[in-house]
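Worksheet: the structure to be examined is printed underneath.
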Amino acid sequence: MAFWKPGTVAPGISVDREAEKETSENLVTFVDHGSNLSIQQQRKILPIFKSRDQILYLVEQYQTTIIVGQTGCGKSTQLPQYLHEAGWTANGRIVACTQPRRVAAITVADRVASEMNVKLGKEVGYSIRFEECYDPNLTSIKYMTDGMLFRETFLDPLLTQYSVIMIDEAHERSLYTDLLLGILKKIQKKRPELRLIISSATLDAEAFYEFFNTNTANDSSKDNVSIISLEGRMFPVDVHYLEEPCQDYVETAIQTAFDIHVKEPPGDILIFLTGRDEIDHAVGEIFQRATTLPRSAMKINPLPIYAGLPSEQQLEIFEQTPQNTRKVVVATNIAEASITIEGIVYVIDCGFVKLRAYNPKTGMESLTVVPISKSSAQQRAGRAGRIMPGKAYRLYTEDSFYRLRDASIPEIQRNNLAQVVLQLKALGIDNVLRFDFMTPPPAELMIRALELLYSLKALDDYGRLTMPLGMQLAEFPVDPMLGKILLDSYKFQCAEEMLTIAAMISVQNVFVTPSNPSTEFEDEKRKFAVEEGDHITSLNVFKAFITRGKKSARWCHQRYLNFRALSRALSIREQLKKYLERFDVPIESCGNDTVKIRKCLVSGYFAHAAKMQSDGSFRSVRDNVELHVHPSSVLFTRNAPWVIFHEVVSTTKSYMRELTVIDPAWLTELAPHFYEIRKTSLPAH
DNA sequence: GAGCACTGC
């Protein structure tokens, strides 16, 4: 990049470019201007430094402090250090800072360790799934995913080793953030000395304030919560709206990109669309139309980015743009918070997002395109203001912007809560319907979860956790139905197989589907396919990856397999195996006895059974709802009278994903109680 | 008969 505002962050010379590429985190980019500012001097020129003493005062005076600060103000890196310097980590106590994402936890910890000139994993550490990098005797500042801190409450319900807990990115309202908010409020009652810092980038501070304020007197000076706003470090972004709504936002986005390309000064473009189809189409069109640009004009280079893309292609968006070329990144929501791309000056926002929601009435999930929230729109626009003043083009009218909801619906209000209910019960919270959530989930979600847990025998007639089954399912880091097949595997001598199946189901995008699927792709896929269905096909893929493929990326690439996904499955499998060993479940293999494997699947997935109809579609056994085989299933091209499935996702139709052929007799043999539950009333909760 | 937003334990 040839241009940047002198005296500000230059895109090419930041010392942590590698880290910045991978995280949304508010890392502050330090620039070596040739002067010799020490790290400590650099810390003092951050905007947050002006508020240092005030923040420390508030944390001391109030049980909870809400910090509102834009991206780039340095709160994630500086606040824990201020608290450490002020003595909050004396006597072996720890300051924790949670992040919704793994990479963020690592990169911020790494940054802080280098600022403090200590080795990562010593005074400063992090804790994320599969990776604990801290020293229990030495670490005083600990960055962690919110899910990991939640898990720590199983071992130490009052989180006694922490003096201050900072919940970062709280505005995102991830499932575990919300669980932690409720639990921390409970802990504060028993540990009044515990300090909480809730950090949010948006204007929902009032809601956090109301939630944590326990002062019932009519005198606000006795409130135990305080709020402070910090100035950000962003450049201004000029927002443009359409005067009239557009018919086709993909086409409008393409045209807008070319308008910018022709009329505006250099700077890369980021387009937000909703899914892979739209992205592939837009990238193709931009590529085509670029050939009509005059030869003298600046070149244009469109690049796709979404989670399902293999790593090699994902990394292309981070490569330096060649001279005289403008990069156009076409992205899903992954670029809203998970990935930060340097050099973006223009943002085009279609105003929609693809969102997964769980319907408690049917137990089915839907994946639909819905309008974004105002805070999402602001976050997207902000992506244009990281290196210099930018512009955001919203492909909707200003009027429709004001009609958007303020914030997205928190995950806890639109998720399957089976695992959540189980975990709350394991923490001794018996009446989950009365748990103090910041925004309580609809009762139907809770009741559906309770019903499923009862049918799995994780809860007894009184709604209490069963021992040991219920307790073990609560501890397992997988969905309860998946946990059930692991714990029941001893009955069929197939724990080895179930571990692989559970790990493979826990990762997505094992096959890399090319944008125009070739026969070669179908042929490669068929080599692993078996008539019993997708679970055993996954088992074959994983076995081949470990033995013939020697866990190599090249081997995966040649077979259209996602190396990243398979490596992750390997880690998950190892972790699940440790749990089974602890639960004293014998780790045996049934060899190639697919009847045993499939019966074991039925023992957990009996509620997800479907019968084929004469027209080739299916009906669920439980609710008689019409279902279809997802085209990615190996059963898409085969006939199977009875199946069980992992999940249903409704898009254009209700598609079952991950299917296995079963004998209907197994349903009554392995789950006779399930059909009884519908005749009798539900147990008391 | 033809399709899969994004995280996390």
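Quick note on labels: first sequence line is chain A, next is B, and so on, each numbered from 1.
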Calculate the interatomic distance between Gln314(A) atom CD and dA5(B) atom P; express it in whole Å. 14 Å
Name the nucleic acid region contacted by Phe476(A), choosing base, sugar-phosphate or nothing; use a 4.0 angstrom heavy-atom cut-off, strictly under. nothing
The answer to which of Ala307(A) and Tyr176(A) contacts DNA chain B further toward the 5' end, by nearest nucleotide, is Ala307(A)
Between dG8(B), dG1(B), dT7(B), spot the one nearest the side chain of Ser338(A), thanks. dT7(B)
Using ring-ring contact (aromatic ring centres under 6.0 Å, His included) as the criterion, list what pairs up with Phe563(A), not counting sequence neighbours. none
Has Thr652(A) got a side-chain N or O lying under 4.0 Å from the OP1 or OP2 atom of dA2(B)? no
Tell me what Ile334(A) touches on the nucleic acid: a base, only sugar-phosphate, or nothing, going by heavy atoms under 4.0 Å. sugar-phosphate
Checking dC9(B), dA2(B), dG3(B) against the side chain of Arg151(A) (C-beta onward), the nearest is dC9(B)
Spacing between Arg276(A) atom CZ and dA5(B) atom P, to the nearest angstrom: 9 Å
Quick one: label Gln508(A) by what it contacts on the DNA or RNA (base, sugar-phosphate, nothing), any heavy atom closer than 4.0 Å. base
Non-hydrogen side-chain atoms of Phe528(A) and Arg559(A) separated by less than 4.5 Å: yes
Heavy atoms from C-beta onward define the side chain here; which of dG8(B), dC6(B), dG3(B) lies closest to that of Tyr655(A)? dG3(B)
Just the rounded figure in Å: distance from P of dT7(B) to CG of Leu149(A). 22 Å
For Asp349(A), all residues meeting salt bridge (charged side-chain N to carboxylate O under 4.0 Å, His left out), sequence neighbours excluded: Arg380(A)
Starting at CZ of Arg356(A) and ending at C1' of dG8(B), how long is that distance when rounded to a whole Å? 14 Å
State which of dC9(B), dA2(B), dC6(B) makes the closest approach to the side chain of Arg129(A). dC9(B)
Per Lys354(A) side chain, nearest of listed nucleotides dG1(B), dG8(B), dA5(B): dA5(B)
Could you please name the option among dG3(B), dC6(B), dA5(B) that lies closest to any side-chain atom of Leu355(A)? dA5(B)
At under 4.0 Å between heavy atoms, what does Phe150(A) touch on the DNA or RNA strands: base, sugar-phosphate, or nothing? nothing
Length of the CE-P vector between Met656(A) and dG1(B), whole Å: 16 Å
So what does Ser632(A) hit on the nucleic acid, given a heavy-atom distance under 4.0 Å: a base, only sugar-phosphate, or nothing? base
Whole angstroms only, please: what is the CD-P distance between Glu132(A) and dC9(B)? 11 Å
For Val649(A) and for Leu635(A), find the nucleotide of DNA chain B with the closest heavy atom, then tell me which residue's nucleotide is more 5'. Leu635(A)
Given dC6(B), dA2(B), dC9(B), the nucleotide with the shortest approach to the side chain of Arg102(A): dC9(B)
Give the rounded distance in Å between these two atoms: CD of Glu131(A) and P of dC9(B). 10 Å
Minimum-distance nucleotide to Pro631(A) side chain [options: dG3(B), dG8(B), dC6(B)]: dG3(B)
Passing option when His630(A) is tested against Tyr655(A), Phe636(A), Phe618(A) for ring-ring contact (aromatic ring centres under 6.0 Å, His included): Tyr655(A)
Would you check, one step at a time, whether the test side-chain contact (heavy atoms from CB on, under 4.5 Å) holds for Gln99(A) with Tyr126(A)? CA-CA 10 Å; Gln99(A) 297 291 327; Tyr126(A) 64 88; over 6 Å; no
The side chain of Pro477(A) lies closest to which of these nucleotides: dA2(B), dC9(B), dC6(B)? dC9(B)
Expressed in angstrom and rounded to an integer, what is the separation of Ile412(A) atom CD1 from dG8(B) atom P? 17 Å
Please determine, for the side chain of Ile128(A), which listed nucleotide (dT7(B), dG3(B), dC9(B)) has the closest atom? dC9(B)
Using the six-membered ring of Phe645(A), assess whether NZ or CZ of Arg657(A) lies under 6.0 Å from its centre and within 45 degrees of the ring axis. no
